[in-house]
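Worksheet: the structure to be examined is printed underneath.
For ligands, and for the atoms within them, numbers begin at 1 and follow the listed sequence.
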Amino acid sequence: MPGTELFGNEERKEINDVLETGILFRYNHDQQRNGIWKARDFEAEVKKITGAKYAHAVSSGSTAIATALAAAGIGTGDEVIVPPFTYIATIEAVLFVGAIPVFAEIDETLCLSAAGIEKAITKKTKAVCLVHMCGGMADMDSIMAVINDYNLLLVEDAGQAFAATYKGTATGLFGMAGSYSFDFFKIATAGEGGVLVTNDEEVYKLADSYSDHGHDHVGSNRGMEQHPILGFNYRISELHAAVGVAQTRKVPHIKEVNRKHKQLLTEILSATEGVSFATLPDPEGDSATFLNLLLPDTETAGNTVAAFNKAGVTGFNYWYTNMYHFINQWDHIKNLKTASKLPVEVLGHSQDYLTMELPKSQEVIGRLISFGIRCTWTEDEVKALAGKIADCVKSVTAVSA
Ligand SMILES: *Cc1c(COP(=O)(O)O)cnc(C)c1O
């Protein structure tokens, strides 16, 4: 988690600016705040990195994707194609705007594939919620062809892919709206926070109002503002935004260092038999927060995880057994268990969540082991890690050979 590695005076300065005015609220109080607008600054920094026309900071990546879906017009009864490999927030957001998730296959990009999306399309399909996973990006040319052919809406959860690009365009900017997370585990953190991006003024205005009880944010008298729509409270506080400002300014540096580390790891591990890597449709656009290893099969990957644990190798995720990132452990979704009744329970769903089969996704995630890249590693530490990974893989593949 690189952002947290670099927490320092820059973050403290931004927080102190807010503490000195005492205005922890992102709107209004124009006189007392002394020109301090951290949420606005945070949005400006995100626009600088992504090239988005509009950016809107909210309380989390989860509320950013929920807002993106709503602002794109996705709601009750709409079928939305989603991946079985994502942080659970994506699926929750689709369910809680009232929509109906339909799971489709991913491929070696770790994201939904064009073929997977096409196969999952029904007469009711309204949108695709594409998730750019593990610092990389989906194969956008082929996906946009399907989106356009079938006249679907695209919303992107780029929670793990801030600062990643595909052929020069930032993840999050291919569809109606996109979202990034700035929680504690991402390339940059606000403590808690998220940012929605869009190039569409109407979507931006809806997002801005939706995330603050419908306020239109015109004028300086909050109680007398117009409320064109209903919304809810997904606001970010100035304290969180302040941290987000300082952290986002560090992202170009983090990305550069991460890419160097990942390059070296990849070079060394390419020589190890049995190791391949997740596909990057545009290697130049990698945010390089993860090194994504693909082993020959699920059994070898499981044995490699055991070998890592035995050798004391840390800093990796085996998503196949992770409770929050892969469908195999999502019994609550399969059984639609939540605190109160969901629209999908009333409206029904054409896909049987209990019996659906996604063999390609099972195969890819079964083989995947992801190492978080740290920007504070020394070159020697990178080489030592690569050596340990190679030794563990070799010990496993030698036994099975
Ligand atoms: C982290 C993440 C989220 C949720 O972000 P929070 O800020 O923790 O709410 C959503 N989607 C993806 C893909 C994520 O990785």
Margin query: According to ring pair (Phe, Tyr, Trp, His ring centres under 6.0 Å), who are the partners of Phe316, at least two apart in sequence or on a separate chain?
Written below: Phe308, Phe371
What are the polar N/O contacts of ligand 1 with the protein below 3.5 Å, with distances?
residue  : atom   : partner : partner atom : Å
ligand 1 : 5 (O)  : Ser181  : OG           : 3.1
ligand 1 : 7 (O)  : Gly61   : N            : 2.7
ligand 1 : 7 (O)  : Ser181  : OG           : 2.8
ligand 1 : 8 (O)  : Asp183  : OD2          : 2.6
ligand 1 : 9 (O)  : Gly61   : N            : 3.4
ligand 1 : 9 (O)  : Ser62   : N            : 2.9
ligand 1 : 9 (O)  : Ser62   : OG           : 2.5
ligand 1 : 11 (N) : Asp157  : OD1          : 3.2
ligand 1 : 11 (N) : Asp157  : OD2          : 2.7
ligand 1 : 15 (O) : Gln160  : NE2          : 3.0
ligand 1 : 15 (O) : Lys186  : NZ           : 3.2

Note to self: Nearest 0.5 angstrom please: Met137 CE to Asp282 CG, how far?
What the structure shows: 5.5 Å
Note to self: I'd like to check the side-chain contact (heavy atoms from CB on, under 4.5 Å) partners of Ala71; sequence neighbours left out, ordered by chain and number.
What the structure shows: Val203, Leu206, Ala207
Note to self: Parallel, tilted or perpendicular, judged at 30° and 60°: which one describes the rings of His325 and Tyr87?
What the structure shows: tilted
Note to self: Enumerate the ring pair (Phe, Tyr, Trp, His ring centres under 6.0 Å) contacts for residues 93-117, please, sequence neighbours excluded, ordered by first and then second residue.
What the structure shows: Phe103-Tyr353
Notebook entry, point to check: Would Asp297 and Thr300 count as having a side-chain donor-acceptor pair, cut-off 3.5 Å?
Noted result: yes
